[in-house]
A.B. asks: 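My structure is below; once you've seen it, I'll send some questions.
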Amino acid sequence: MHLNGTHVIPTVDLSAFTSGGDVQSREEAARELARSCRPHGCVAVTGHGVPSALLKEAFDTSKKLFDLPLEEKMKAPHPDAFRPHRGYSAIGRERGAAKGAMDTEDEKRKEELKRVTDYKVSILSVLAVESYEIGSDENPFEQHNIWLPEDVLPGFRHLTTELFWRLRDTSMAILDALIMSLGLSEEEAVYVRSIHSGHNNQLRLLHYPPIPTEVLKNKDLSRLGEHKDFSSFTLLFQDTHGGLEFANCETGGFMQATPKWDTVYVNIGDMFERLSNGFYRAATHRVTIPGRESSSTDGGTEVTSARYSIPYFVGPDYDGVIAPQQSLVLAHQNALYEPTTYRNFSEKMFKATLNSVS
Ligand SMILES: O=C(O)CCC(=O)C(=O)O
Ligand SMILES: [Fe+2]
């Protein structure tokens, strides 16, 4: 683990889990994971096993997708509904700052969070973020894929499907490491694995377009307001511009998730916080605006660089019971959370966040 002061997100090597290491090396990596990820709910993972050529192709393809004319992208429109959360959205449907506001009990903080100009809900069209959501073609939970016609972007479906399943393999290895790090009983481990079939995971391609540097004078502005993910955990790949930050639970500040090509950032989401009875906490994170230093001129207006990122949300199956595991309840003498399901939890949060900012 590299932990040079409290402003650096710790790094852990999970190759023992992705490349079939022996029990001893797995146990050592699992202990390291607990030490690294417990304080803030986030960790940088090396040895993730996703081939860098595949990641490069994914970022190249994402750029090609978002470079298409709007009418082409709109051939796979995200429906105007909560489900399926699939296809192309010109304006994001998740409202980060609003969800952050839901998560806090402190009324003053709630108001502050709602005031922060969330990139995804800004009325300034220059601040739009676009995304494309992809899932399993065998998702049994009313989440069918919405694909572009093949001739619009040949190979897109094939590549993103390959990436989806490759990331599923990596996420199962990370889940195994998390399970081992918690010291769950065999029965609990089997249960937690069984409700993560992978069919409810979600791959998101994100494009944050360039912003006129003038707009950056608004100090309240962020690309994506602070929030926690609903998922069990999230894998996050980003381009070289950076901007992703995780809350430091000790200092109250934010730590930069510095882009490193061989590293994926992993953050805990609401579902795994509950399963682990709070052993791991869901990480608060946000995206600030990088590129102040690398601005260019577009038709006379100075603009920042664009940003591309690829989050992969590891979601439990919709109807699996999400409750603190019994051995952790015994260890802590109480259950910190009521049982729920991913279906109930995410529907409630989605509806609340859509209503809380107009
Ligand atoms: O773009 C990023 O780096 C973060 C995206 C994110 O946090 C989300 O989509 O939930
Ligand atoms: Fe997020």
Side-chain angles (χ1 to χ4, degrees), residues 9 40-45 55 58-59 62-63 65-66 78 85-103 113 116 118-122 127-135 167 171 201-211 221-247 254-261 263-273 280-291 304-315 342 345-346 349-350 353-354:
I9 298 164
H40 314 293
C42 63
V43 66
V45 171
L55 284 172
F59 276 97
S62 178
K63 181 166 185 335
L65 167 74
F66 293 118
H78 188 299
H85 191 25
R86 298 288 184 263
Y88 171 74
S89 306
I91 294 170
R93 302 181 63 80
E94 247 181 277
R95 302 187 173 192
K99 180 174 185 299
M102 285 277 301
D103 284 339
L113 281 167
V116 168
D118 189 330
Y119 206 168
K120 287 185 171 180
V121 296
S122 173
L127 297 183
V129 62
E130 29 178 15
S131 65
Y132 196 106
E133 323 282 342
I134 297 136
L167 292 177
S171 64
N201 295 352
Q202 186 187 300
L203 175 64
R204 174 178 292 164
L205 306 179
L206 273 170
H207 171 220
Y208 301 81
I211 301 173
L221 190 74
S222 63
R223 291 272 208 190
L224 177 57
E226 61 182 83
H227 67 282
K228 299 173 190 173
D229 295 338
F230 307 149
S231 54
S232 282
F233 58 96
T234 305
L235 276 52
L236 226 145
F237 298 91
Q238 54 179 337
D239 67 14
T240 54
H241 297 297
L244 175 66
E245 296 184 345
F246 289 102
F254 275 85
M255 306 177 286
Q256 284 181 15
T258 313
K260 292 188 201 115
W261 187 241
T263 301
V264 60
Y265 285 93
V266 173
N267 68 264
I268 301 294
D270 291 316
M271 293 299 99
F272 208 79
E273 174 173 320
Y280 286 113
R281 52 181 115 187
T284 298
H285 55 289
R286 68 182 183 188
V287 180
T288 58
I289 303 174
T304 69
S305 31
R307 175 177 190 269
Y308 295 85
S309 65
I310 306 183
Y312 183 75
F313 302 93
V314 180
Y342 192 35
F345 187 87
S346 53
M349 294 306 268
F350 250 111
T353 55
L354 285 174

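All ligand and atom numbering here is 1-based and tracks the order in the structure.
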A.B. asks: Enumerate the atoms of ligand 1 whose separation from the nearest heavy atom of H227 is less than 4.0 angstrom.
C.D. replies: 6 (C), 7 (O), 8 (C), 10 (O)
A.B. asks: Could you tell me whether H285 approaches ligand 1 through its side chain, its backbone, both or neither, with non-hydrogen atoms closer than 4.0 Å?
C.D. replies: side chain
A.B. asks: Going through the checks in order, is the ring pair (Phe, Tyr, Trp, His ring centres under 6.0 Å) test met by Y88 and H78?
C.D. replies: CA-CA 5 Å; Y88 171 74; H78 188 299; 9.8 Å; no
A.B. asks: Take the Fe ion (ligand 2) as the vertex and measure to NE2 of H227 and NE2 of H285; round to 10°.
C.D. replies: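 Taking the Fe ion (ligand 2) as the apex, I get 90° for this pair.
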A.B. asks: Look at the rings of F59 and W261 and say which category their plane angle falls in: under 30° parallel, 30 to 60° tilted, over 60° perpendicular.
C.D. replies: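 Rings of F59 and W261: tilted, as their planes differ by 30° to 60°.
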A.B. asks: Quick one: which ligand 1 atoms are inside 4.0 Å of a heavy atom on V287?
C.D. replies: 1 (O), 2 (C), 3 (O), 4 (C)
A.B. asks: Touching ligand 1 at all, Q238? Heavy atoms, strictly under 4.0 Å?
C.D. replies: no
A.B. asks: Short list, please: which atoms of ligand 1 are under 4.0 Å from a heavy atom of F313?
C.D. replies: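 Heavy-atom distances to F313 below 4.0 Å select 8 (C), 9 (O), 10 (O).
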A.B. asks: Do the side chains of R281 and E273 get close enough for a salt bridge, i.e. N-O under 4.0 angstrom?
C.D. replies: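 Between E273 and R281 there is no salt bridge, as every charged N stays at least 4.0 Å from the carboxylate O atoms.
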A.B. asks: Please could you name the atoms of ligand 1 that S309 approaches to less than 4.0 Å, counting only its heavy atoms?
C.D. replies: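 In order of numbering, the contacting atoms are 1 (O), 2 (C), 3 (O).
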A.B. asks: Establish, yes or no, whether the cationic atom of R204 lies under 6.0 Å from the six-membered ring centre of Y312 and within 45° of the ring axis.
C.D. replies: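 The answer is no, since R204 fails at least one limit relative to Y312.
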A.B. asks: Do the rings of F345 and F230 sit parallel, tilted or perpendicular, given the 30° and 60° boundaries?
C.D. replies: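 F345 vs F230 ring planes: perpendicular.
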A.B. asks: Please list, in number order, the atoms of ligand 1 under 4.0 Å from a heavy atom of L224.
C.D. replies: 5 (C), 6 (C), 7 (O), 8 (C)
A.B. asks: Which of the numbered atoms in ligand 1 are below 4.0 angstrom from a heavy atom of L236?
C.D. replies: 2 (C), 3 (O), 4 (C)
A.B. asks: Of all the atoms in ligand 1, which lie at a distance below 4.0 Å from a heavy atom belonging to D229?
C.D. replies: 10 (O)
A.B. asks: What atoms of ligand 1 come closer than 4.0 angstrom to any heavy atom of L206?
C.D. replies: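 Once the distances to L206 are compared, the set is 1 (O), 5 (C), 9 (O).
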A.B. asks: Checking H285 side chain against A283 main chain: does a donor-acceptor pair fall under 3.5 Å?
C.D. replies: yes
A.B. asks: Looking only at heavy atoms, what is the nearest atom pair of A257 and Q238, with distance?
C.D. replies: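 Looks like O-NE2, 2.7 Å.
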A.B. asks: Under a 4.0 Å N-O cut-off, is there an ion pair linking E133 with R86?
C.D. replies: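 So E133 does not pair with R86 through a salt bridge.
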A.B. asks: Which atom name would you report as the N, O or S atom of D229 nearest the Fe ion (ligand 2)?
C.D. replies: OD1
A.B. asks: So, F246 versus H40, ring centres under 6.0 angstrom or not?
C.D. replies: no
A.B. asks: Are any of the heavy atoms in R307 under 4.0 Å away from ligand 1?
C.D. replies: yes
